[in-house]
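Below is one structure, written out as structure tokens; comments come after it.
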Amino acid sequence: MIEYVENKEIIARRIARFFASGDVVNLGIGLPTMVGNFVPEGVTVVLQSENGMMGLGPAPEKGKEDKDLTNAGGMPVTVLDGGCFFDSAVSFGIIRGGHVDFTVLGVLEVDQEGNLANYKIPGKMVPGMGGAMDLVAGSKKVIAATTHLEKSGSSKLKRRCVLPLTAAHEVDIVVTDVGYFTVKDGKFRLEEYFAPYTPEWIVEHTGADIVVAPGCKEFR
Amino acid sequence: MIEYVENKEIIARRIARFFASGDVVNLGIGLPTMVGNFVPEGVTVVLQSENGMMGLGPAPEKGKEDKDLTNAGGMPVTVLDGGCFFDSAVSFGIIRGGHVDFTVLGVLEVDQEGNLANYKIPGKMVPGMGGAMDLVAGSKKVIAATTHLEKSGSSKLKRRCVLPLTAAHEVDIVVTDVGYFTVKDGKFRLEEYFAPYTPEWIVEHTGADIVVAPGCKEFR
Amino acid sequence: MIVKPVISAAEAAAKVKAGDVVQLGGFLGCGSPDSIIEALVAAGAKDLTLVCNDTGIHNEAKGVSNGPAPLVKAKAFKTMIVSHIGTNPETQRQMNAGESDVRLVPQGTLAERIRAAGNGLGGVLTPTGVGTEVEEGKRKLTLNGKDYLLEEALPGDVAFVKAKRADKAGNLVYAKTARNFNPIMATACAVVIAEVEELVEIGAIDPDQVHTPSIFVDYIVKA
Amino acid sequence: MIVKPVISAAEAAAKVKAGDVVQLGGFLGCGSPDSIIEALVAAGAKDLTLVCNDTGIHNEAKGVSNGPAPLVKAKAFKTMIVSHIGTNPETQRQMNAGESDVRLVPQGTLAERIRAAGNGLGGVLTPTGVGTEVEEGKRKLTLNGKDYLLEEALPGDVAFVKAKRADKAGNLVYAKTARNFNPIMATACAVVIAEVEELVEIGAIDPDQVHTPSIFVDYIVKA
């Protein structure tokens, strides 16, 4: 009997392993931002922030904040040597033009068709899409990052999103705290599982059509 | 008996008088470029060059040419204090976006509907439109600058252009070496005449519908 | 070069008429023309349409109210055309209560619509929003087998932008991520007013390093 | 930051395959990647499609042949998509003789089509060319009573651009009017090669003053 315990760190750790040196990556607010902390040594990615910068560095020391230098969440950041700044049209030109290799976003719902919903719960919460629709439509690879189960125990991975979509058929990869999935032929495909969860447990706890990839293995 | 003698300087001199301080002006290659020499003292116009600059200055002294600083004709120029450089998309954003007050262009034919032809004589000469189509479509006021008569003695002002158009219905003002005309209600309207020519002579030597404006006077 | 008038924030605010479409630079308060926003609140601006990335951060507990948030609080906007309101619960309240009309636009589409207005384009074809609610009421075109939405130009009456530095002719240079929507809004509005931190002599800015050419700027406000 | 490979002009020329769409920065020779153009001539490049503002200045009497003119002379192009050929009689000759296919595009439309390709837009709506031969074969749309042509994105296989300065990561800064089409072409092609006059260390370029972000640049050629 495996008990589900939320674990955001494993999600961030696994996602960070997709990147190769030179990849341009946009990390969404919240859980996706954590991914930056787990990029393996020797791998140099370039972080893009849609408010208008390339070469996003770590948060500044307290007292060293620059009012003119924030990330897309409005939080103080720094810029690495070789980074640069640009306006919003250029920023989304970079995004929409396919120059971002990976975008990592949070999820309200994601479904087996690669549809993503993460900007609106009608009548309840309407933060707006911000840059998410462009990021999902434009990036080469879209990674949805989410805990596997709701507090209620129901699966965040759905047969069909019921919330308004952020984009249709654009999600390539879903990483939860139980495993890493690709979206293929209208199904989730389990590529790796994270101990203590097993493929059997994952299939049972996913509210969508799911197959276990032939080479599916444990992630270490 | 008035004899027609080509006089490009009077065209440039008259056109320069349309400008007020602060106007942004684009001058085409050739005759229009001469206009820059006649801007009245006390009037400060900003010259835009569609290859990517604002604040075009005079040609450099011999030996002071900069290979990275040319006008839209590829000739060495200088930049005035307060000028700036930009790329071709920005340059034509400025032009198409209506931020240029006056564009002054040369003419193969111009007609009483405000149509302009100046980029192509099929089968004979096809230089291409360069920036002319955008300049004519986008500038607030379009001034066509031309000698009044061809070498053959026929009028450059036509009832209807027969050459391929650079733009339809965009010309506001035509200045020739005999007078200054507006284009209104499908007719040329003589606003000023240049001695020794008289309104009668001009009407007689214009191959298009033309009226003499009520307040028409001699330009001095 | 022509020297541009330097006016007060209050004079800048007075350029706005009821019903105007006002484009406000800034991204969650970074690069917002704060002095002018304050003056607009003081002037009791009403019935405006806001075009901005967001409606600022409004957090009463923390005492934070940045970007357009003070104007939202003062109910200056009848309509808000923005990409994100998640950091301003007052905007959400006004929207849910039917007190204001909030129109959400994807951020990149917002940028292109503003740029199109400033650049004399009728609109652009973007893949963003295909298959979502953003499609509603829009023309969809297929080019080379790919679907695009036709997004129309979004011009404004007055742009308030914030720059680090201006020369007296109005050439602007922005700082870091405070650039964001400012340069594109400066192209898209009938009247453009730049709030700047530093005002330098004409000739003091390298002409290769100007972000907004002076011809776009009508007035300068010294922050 | 990742350091970009510095290659020779000959190696840059070798990145082009027969049939490629090649975008060449420069405006009547100002801001052209001349070393690479020379290497392309030496490599005997053939059957290319050229995208450029013009085909350079070619004047045998004066011994001038700049921009793409040496490549035109060498008959490297099957197709030329340009705004102006008036300064190159050899282009006119090839066109009239049916030896090459010259497609004239208004300069601002050319800029927007290239930008659209680099920015993930399907195309733009421009008023330029309405009522002229440029309309032929294009969709015309009416928005708010004004006619526009739908001009489609124009991507390329290889862009050769010329910058004043690069850092080793590939951030580019252009000089004066040598900027022209270079920054937009750098966004629009699968492979982007920058010929630069100066190569500096990463960190030596002010991040507010980068004209082309490094991510667009694949290779650097030191002129």
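In the text below, chain A, chain B and the rest are named by the order of the sequence lines, each starting its count at 1.
- For a residue to count as touching a neighbouring chain, one of its non-hydrogen atoms must lie under 4.5 Å from one of that chain's; by this rule A:Ser49 does not touch chain C.
- Of the residues considered (A:Met133, A:Met125, A:Met129, A:Glu170), A:Met129 shows the highest number of contacts with chain C, using heavy-atom pairs under 4.5 Å.
- Of all non-hydrogen atoms in C:Pro106 and A:Asp134, the two that sit nearest each other are CB-OD2, 3.6 Å.
- Considering only heavy-atom pairs separated by less than 4.5 Å from chain C, the leading option among A:Ala137, A:Gly74, A:Ala89 is A:Ala89.
- Under the salt bridge (Lys or Arg N to Asp or Glu O under 4.0 Å) criterion, C:Glu151 pairs with C:Lys138, sequence neighbours left out.
- Interface remark: C:Val105 contributes backbone atoms only to the contact with chain A (heavy atom separation under 4.5 Å).
- The candidate from A:Lys67, A:Met53, A:Lys120 with the greatest count of non-hydrogen atom pairs under 4.5 Å with chain C is A:Lys67.
- With C:Arg179 contributing its side chain and A:Gly52 its backbone, the two residues share no donor-acceptor pair below 3.5 Å.
- The side chain to side chain donor-acceptor pair (under 3.5 Å) test with C:Lys176 is passed by exactly one of A:Thr70, A:Asn51, A:Asp66: A:Asp66.
- Interface residue A:Leu69: backbone and side-chain heavy atoms are both found under 4.5 Å from chain C.
- Heavy atoms closer than 4.5 Å to chain C are found nowhere in A:Ala132, neither backbone nor side chain.
- Of the atoms belonging to C:Glu197, it is side-chain heavy atoms, and not backbone ones, that fall under 4.5 Å from chain A.
- Residue-environment remark: CD (C:Glu38) stays at or below the threshold of 12 foreign heavy atoms within 6.0 Å.
- Heavy-atom distances place both the backbone and the side chain of C:Thr109 under 4.5 Å from chain A.
- Within the 4.5 angstrom heavy-atom criterion, only backbone atoms of C:Val130 (N, CA, C, O) approach chain A.
- Against chain A, no residue from residues 215-223 of chain C qualifies, as none has a non-hydrogen atom under 4.5 angstrom away.
- Shown here is A:Arg159, whose CZ atom has more than 12 heavy atoms of other residues, nucleotides or ligands within 6.0 Å.
- Residues C:Leu104 and A:Val126 form a side-chain contact, since some pair of their non-hydrogen atoms from C-beta on lies under 4.5 Å apart.
- Summarising the geometry, atom OH belonging to C:Tyr174 is positioned 12.5 Å from atom CG belonging to A:Asp68; distances are rounded to the nearest 0.5 Å.
- Atoms SG and CE, from C:Cys30 and A:Met75 in turn, are 12.5 Å apart once rounded to the nearest 0.5 Å.
- Note on C:Ile85, C:Asn182, C:Ile114: by heavy-atom pairs under 4.5 Å with chain A, the leading option is C:Ile85.
- When atom types are taken as modelled, the side chain of A:Arg96 and the backbone of C:Gly108 share a donor-acceptor pair closer than 3.5 angstrom.
- With a 6.0 Å radius and a threshold of 12 heavy atoms from other residues, nucleotides or ligands, A:Lys8 has its NZ atom at or below the threshold.
- At a threshold of 4.5 Å between non-hydrogen side-chain atoms, the residues A:Tyr119 and C:Glu133 count as touching.
- Contacts of C:Ile184 with chain A are made by side-chain atoms alone, with heavy-atom separations under 4.5 Å and no backbone atom involved.
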Working note: C:Gln107 + A:Phe92, criterion side-chain contact (heavy atoms from CB on, under 4.5 Å); need CA distance, chi angles, decisive distance, verdict. CA-CA 8 Å; C:Gln107 204 167 117; A:Phe92 282 89; 3.3 Å; yes
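- Under the 3.5 Å distance criterion, with hydrogens and angles disregarded, no donor-acceptor pair is assigned to the side chains of A:Ser88 and C:Asn180.
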